[in-house]
Amino acid sequence: MSKLIYILNGPNLNLLGQREPEIYGYQTLDDLAETCTRLAGSSGFTVKCLQSNLEGQLIDWIHEARQEATGIIINPGAYSHTSIAIYDALKAFDGRIIEVHISNIHKRESFRHHSYVSLCADGVIMGLGLLGYELALESMDRLLD
Ligand code: CA2
């Protein structure tokens, strides 16, 4: 059976490629989904790429992943820094979790330096742009071997 990985993106990441390219680059969320789907296919994975601006929706998908997925790659956006609810939901997930940030959150404002999600992630990749998601998928492949 093919391993299913959820790739979850949080608030404002639907704007990728439309604003602030100096921080977030020129690629869109659709480009990202296409790259991840292709990369996953060559490793024998299936990916489900989802984005929401709503905290509750992200939590519902994490609960859904408990039944369906072997791993979660998540960029919780600004909820990384605020959401104990997303942290609690991820703690109830038994598979592997990799947190991705497009920017290096430690090089930015101090309110971005702490992430609740990092407390339950197996690994954190940041500052490498959208390449971070590709590296997360490769790492997931190795972690789930
Ligand atoms: O670096 C990251 O990936 C972040 O998770 C992005 C979040 C930010 O709040 C985190 O501190 C770090 C913001 C996402 C906003 O995405 C945009 C993309 C394009 C244009 C405008 C916003």
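Just follow the structure's listing: the first ligand is 1, and inside any ligand the first atom is 1. Heavy-atom basis, side chains included; hydrogens, waters and symmetry copies ignored.
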(message) Less than 4.0 Å is my threshold; does some heavy atom of Q18 fall inside it relative to ligand 1?
(response)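 No, Q18 has no heavy atom closer than 4.0 Å to ligand 1.
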
Ligand-residue contact atoms, ligand 1 with [X], heavy atoms, under 4.0 Å:
X	value
A78	9 (O)
L16	18 (C), 19 (C)
I105	12 (C)

Quick one: look at [X] and ligand 1, take heavy-atom pairs under 4.0 Å, and tell me if it's side chain, backbone, both or neither.
X	value
H101	both
I23	neither
N75	side chain
H81	side chain

When only distance counts, is [X] in polar contact with ligand 1, meaning an N/O pair under 3.5 Å?
X	result
S103	yes
G17	no
E20	no
S80	no

(request) Please test I98 against V124 for side chain to side chain contact (heavy atoms under 4.5 Å, CB included), starting from the C-alpha separation and ending with a verdict. (result) CA-CA 6 Å; I98 301 180; V124 184; over 6 Å; no

(message) Is it the case that over 12 heavy atoms from other parts of the model lie below 6.0 angstrom from the CZ atom of R66?
(response) no

(message) Whether the side chain of D88 engages the backbone of A85 through a donor-acceptor N/O pair (distance < 3.5 Å, no angle test) should be reported.
(response)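 Looks like no, no N/O pair under 3.5 Å.
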
Which protein non-hydrogen atom lies closest to [atom], naming both residue and atom, and how far is it?
atom	result
atom 8 (C) of ligand 1	R112 NH1, 3.2 Å
atom 16 (O) of ligand 1	N12 O, 3.4 Å
atom 20 (C) of ligand 1	R19 O, 3.2 Å

(request) Quick one: closest heavy-atom pair of S103 and I23, and the distance? (result)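 Closest heavy-atom pair between S103 and I23: CB-CG2, 3.9 Å.
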
(message) I need the minimum non-hydrogen distance between G10 and Q51, along with the two atoms involved.
(response) O-NE2, 3.1 Å

(message) Can a side-chain donor-acceptor contact be found between Y79 and N53 if the only test is distance below 3.5 angstrom?
(response) no

(message) So that I can tick it off, tell me whether E134 and R38 are bridged by a salt bridge, with the cut-off set at under 4.0 angstrom between side-chain N and carboxylate O.
(response)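 Answer for the salt bridge query: no.
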
(request) Taking the six-membered ring for Trp and the single ring otherwise, decide whether the centroids of F111 and H113 are under 6.0 Å apart. (result) no

(request) Between F111, Y24, Y79, flag the one that comes closest to atom 6 (C) of ligand 1 by a heavy atom. (result) Y24

(request) Mind telling me whether H81 and H101 have parallel, tilted or perpendicular rings, with 30° and 60° as the class edges? (result)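 Answer is parallel, since the angle falls under 30°.
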
(request) Please determine which of L50, L58, I97, I7 meets the side-chain contact (heavy atoms from CB on, under 4.5 Å) test together with I74. (result) I97

